[in-house]
Amino acid sequence: MTSLNRQRFALATGVELDVTIGGPENAPAIFFLHGFPESARTWRFQLDDLSRDHRVIAPDQRGFARSSKPEGVANYTPDKPVADLFALADALGIERFNLVGHDWGGAIAWGAALGRPDRIEKLAIVNAPHPYIFQKTMFDDPGQRAASQYIRAFRTPGMENYIAGDLANFYDKTFGHSGMVEAPEGERALYLDEWSQPGAIPAMLNWYRAAQVIVPAIDETPERPAFLDQPFPVLKVPTLVVWGMKDQALTPSQLDGLDALVADLRIVRVEDAGHFVTWEKPEAVTAALRDFLA
């Protein structure tokens with residue numbers, strides 16, 4: 001085993017990403033994609049454990065921490081971080097790999113596996129909705145629509161100024177007041193430092209602004225997307241879904257019907273954890289990943 005270290009990669013996609021890497025170079029590779037509003041530290045417990053016998057690679061995705069933050073919403077459409085993932089794998093000389101994603105990282109992982117299943121050995125998703133089910137629940141599940149109103153708020157012009165004006169309050173609302181378990185106090189300064197990087201808050205919010213998912217207002221009745229009433233491609237990559245069942249932003253309805261969209265599916269429910277289950281209940285997540293990847 002090699003110790004975890006940080007490297008910076010200039011990718012063919014035009015961005016530079018800071019990446020945590022560790023484990024034996026000849027071991028099976030696992031790429032870890034974090035979500036909002038975090039960084040590779042989302043996976044700190046899993047990386048420490050799995051690097052004993054896997055090659056672990058966890059980038060700070062574009063727009064986050066000290067990785068590149070290209071200006072403009074168009075630079076954060078999902079195809080861009082998907083391309084970053086494969087460019088990073090290419091830079092490391094890795095053709096096929098296991099892929100793990102949480103939150104927005106999970107959304108990118110779903111997209112990568114659906115678009116390039118030839119390159120994904122196994123897929124693990126942690127509290128990140130399948131794109132079809134997520135959009136469907138915006139129209140068919142009032143509870144999920146209500147829970148997703150924060151996305152409409154993040155898309156509001158000027159929201160970056162409001163958040164940047166009081167990062168400590170944003171921290172408290174994200175990890176405390178929302179009902180999710182509070183992050184360990186030692187992490188607070190690290191989060192605030194990452195969010196304080198020039199352009200970080202606008203870049204992170206641009207992930208939401210660039211997404212095509214329709215989030216209607218609670219009392220709105222917009223036209224239903226046509227693709228919801230058409231067959232959706234079935235993913236054949238072996239897939240694990242780990243779900244913190246107390247997630248208040250992504251309700252357990254995201255698991256309903258998933259077996260019809262994933263041919264080889266395993267679901268692990270963590271009953272006493274919320275959205276940030278990777279560090280709320282790290283042992284449960286690591287154990288599920290180890291069992292799945294064995």
Side-chain angles (χ1 to χ4, degrees), residues 33-38 61 63 73-74 76-82 101-115 123 125-160 162-163 173-174 177-180 204-235 239 241-262 265 267 269 273-277:
L33 301 180
H34 69 85
F36 179 96
E38 299 194 89
Q61 299 205 75
V73 172
Y76 296 90
T77 54
D79 60 298
K80 304 301 192 306
V82 168
H102 171 255
D103 187 76
W104 261 115
I108 300 310
W110 279 120
L114 285 163
L123 173 69
I125 299 292
V126 183
N127 282 72
H130 185 282
Y132 174 85
I133 294 178
F134 193 44
Q135 184 62 90
K136 187 174 186 294
T137 55
M138 293 299 170
F139 286 82
D140 299 344
D141 179 3
Q144 184 58 68
R145 183 189 292 200
S148 298
Q149 293 302 301
Y150 72 94
I151 297 177
R152 294 176 60 87
F154 284 165
R155 290 171 170 174
T156 302
M159 178 56 69
E160 54 266 54
Y162 173 77
I163 292 175
K173 285 186 174 181
T174 299
H177 299 167
S178 65
M180 303 169 189
M204 291 192 295
L205 293 180
N206 280 343
W207 281 64
Y208 290 95
R209 293 164 175 167
Q212 293 184 337
V213 62
I214 300 169
V215 184
I218 292 177
D219 57 353
E220 186 181 1
T221 54
E223 183 178 355
R224 185 181 181 87
F227 82 90
L228 292 181
D229 299 311
Q230 300 172 357
F232 196 88
V234 174
L235 179 64
T239 301
V241 172
V242 179
W243 207 270
M245 298 298 286
K246 291 184 178 180
D247 192 331
Q248 296 188 11
L250 297 167
T251 70
S253 68
Q254 299 306 313
L255 302 177
D256 296 341
L258 193 54
D259 55 344
L261 295 165
V262 182
L265 175 65
I267 298 177
R269 295 170 173 85
H275 183 69
F276 297 98
V277 62

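A donor-acceptor pair under 3.5 Å links the side-chain atoms of Thr137 to the main chain of Phe134, judged by distance alone. A donor-acceptor pair under 3.5 Å is formed between the side chain of Asp247 and the backbone N or O of Ala249. Side-chain N or O atoms of Gln61 include one that pairs as donor or acceptor with a backbone N or O of His34 at under 3.5 Å. Panel note: side chain Arg209, backbone Phe154; a donor-acceptor pair is recorded below 3.5 Å. Judged by distance alone, the side chain of Gln135 and the main-chain N or O of Ile214 form a donor-acceptor pair under 3.5 Å. Not a single donor-acceptor pair under 3.5 Å links the side chain of Arg269 to the backbone N or O of Met245. Side chain of Gln248 to backbone of Ala147: no donor-acceptor contact under 3.5 angstrom is found.
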Practice task
Report the C-alpha separation of Ile163 and Leu205 in whole Å, then their side-chain angles, then the decisive distance to 0.1 Å, and conclude whether the side chain to side chain contact (heavy atoms under 4.5 Å, CB included) test is met.
Solution key: CA-CA 10 Å; Ile163 292 175; Leu205 293 180; 4.1 Å; yes

Practice task
Give the intermediate values and the outcome of side chain to side chain contact (heavy atoms under 4.5 Å, CB included) for residues Val215 and Arg155.
Solution key: CA-CA 10 Å; Val215 184; Arg155 290 171 170 174; 4.1 Å; yes

Problem - Test log, rule salt bridge (Lys or Arg N to Asp or Glu O under 4.0 Å), inputs Asp140 and Arg224 - result: CA-CA 10 Å; Asp140 299 344; Arg224 185 181 181 87; 2.8 Å; yes

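With rounding to the nearest 0.5 angstrom, the OG atom of Ser253 is 12.5 Å from the CZ atom of Arg145. Note that OG1 of Thr251 is 4.0 Å distant from CD of Gln144, once rounded to the nearest 0.5 Å. For the atom pair NE2 of His275 and NE2 of His102, the computed distance is 4.0 Å after rounding to the nearest 0.5 Å. For the atom pair CD1 of Ile218 and CZ of Arg152, the computed distance is 9.0 Å after rounding to the nearest 0.5 Å. Here the straight-line distance linking atom CG of Leu255 with atom CD1 of Ile133 works out to 7.5 Å at 0.5 Å rounding.
Taking the six-membered ring where the residue is Trp, Trp110 and His130 present perpendicular rings, their angle passing 60° and hence far from 30°. Note on ring orientation: taking the six-membered ring where Trp is involved, the planes of Phe232 and Tyr132 are tilted (angle from 30° to 60°).
The minimum heavy-atom distance linking Met138 with Ser148 is given by the pair CE-OG, 3.0 Å. Between Leu235 and Ala113, the shortest heavy-atom distance links the atoms CD1-O, 3.6 Å. Asp103 and Ala128 get closest at one heavy-atom pair: O-CB, 3.3 Å. Heavy atoms only, all atoms of each residue included: Ile108 and Pro81 are closest at CD1-CG, 3.5 Å. For the pair Val234 and Ala260, the tightest heavy-atom approach, listed with the atom from each and the gap, is CG2-O, 3.7 Å. Minimum heavy-atom separation, Gly106 to Ile125: O-CD1, 3.6 Å.
Under a cut-off of 6.0 angstrom, the local environment of CD in Glu220 is crowded, with over 12 non-hydrogen atoms contributed by other residues, nucleotides or ligands. Counted within 6.0 Å of OH on Tyr162, heavy atoms from surrounding residues, nucleotides or ligands total 12 or fewer; the atom is thus considered open. Residue Glu223 qualifies as open at atom CD: its count of foreign heavy atoms under 6.0 Å is 12 or below.
For the pairing with Phe36, the ring pair (Phe, Tyr, Trp, His ring centres under 6.0 Å) check across Phe276, Tyr208, Trp104, Trp207 returns one residue only, Tyr208.
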